[in-house]
Amino acid sequence: RVALAAPSRLSDRRDDGAAFLPPPTGLSYLKRLKALVGEEAALMRRRREVFFSPLFDAECAGPLFPPSWTSMINVDSQSGAGGPPLPPSLLVARPDLLVEEALLRETLESATPAFDKAAEEGTRFLIFRIRNLEVRAVRASPAGELCIGAAFSLGGAARTAAAAESVPVDGSRQVVQVSCY
């Protein structure tokens, strides 16, 4: 059973009253309707598969997602809260973290997503970035449960660059300045 949309948002015919004509109930119409609902369910499954894969690009979501997700103007994403999109080659899948889904969910409930977009039917697609961890989740409705589908860590060249930037601090060094953004 697939729910298309919340009943309160579904009908634009409430004001028609007695002039309302119900849709046809013929077998051919119902078969077409069932096929359309099946296609919509397949599209929603495919969207989740692509979103949860390391190949998903938040800056250019592709034809499976609403066109509004892809900007026609190229903006410098370095200034955004979530930082620039990560190349798929830098993401290392971490299915072991999904075992701790309750702990992840608790952490994410208080975190601000770096990516938060909604599809036509209301499903929100969320990407959270916490240090070197990227967690992708969906929420089917505003009151719905957060469904965590993928976790990635920064790997390869990004981890090497981050390690090169960090300098171990020993007792002989003094902190001169700390900036908090």
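Keep in mind that what you see is a predicted model, and the values were worked out from it rather than measured.
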Nearest atoms (heavy-atom pairs only) where [X] meets [Y]:
{"X": "Pro66", "Y": "Ala119", "answer": "CG-CA, 4.0 Å"}
{"X": "Phe152", "Y": "Arg136", "answer": "CE1-NE, 3.7 Å"}
{"X": "Glu121", "Y": "Thr123", "answer": "OE2-OG1, 2.8 Å"}

Leu146 and Leu126, any side-chain heavy atoms less than 4.5 Å apart: yes

Validation: residues 17-39 side-chain donor-acceptor distances under 3.5 Å, sequence neighbours left out:
none

Sequence-distant partners of Glu100, side-chain hydrogen bond (donor to acceptor under 3.5 Å, both in side chains), two or more places apart: none

By side-chain hydrogen bond (donor to acceptor under 3.5 Å, both in side chains) - contacts of Arg124 (at least two apart): Asp116

Working for side chain to side chain contact (heavy atoms under 4.5 Å, CB included), residues Ile127 and Phe51: CA-CA 9 Å; Ile127 297 177; Phe51 181 72; 3.6 Å; yes

Check: Arg105 side chain, Ile148 main-chain N or O, donor-acceptor pair, under 3.5 Å: no

Evaluation steps, salt bridge (Lys or Arg N to Asp or Glu O under 4.0 Å), between Glu109 and Arg139: CA-CA 12 Å; Glu109 289 297 342; Arg139 189 181 305 267; 3.6 Å; yes

Those residues that, when tested against Glu106, pass salt bridge (Lys or Arg N to Asp or Glu O under 4.0 Å) (two or more places apart): none

Arg48: partners by salt bridge (Lys or Arg N to Asp or Glu O under 4.0 Å), with sequence neighbours left out: none

Qualifying residues under ring-ring contact (aromatic ring centres under 6.0 Å, His included), relative to Phe65, sequence neighbours excluded: Phe56, Trp69, Phe125

Verdict with reasoning, Leu98 to Glu101, per side chain to side chain contact (heavy atoms under 4.5 Å, CB included): CA-CA 5 Å; Leu98 298 180; Glu101 188 172 353; 5.8 Å; no

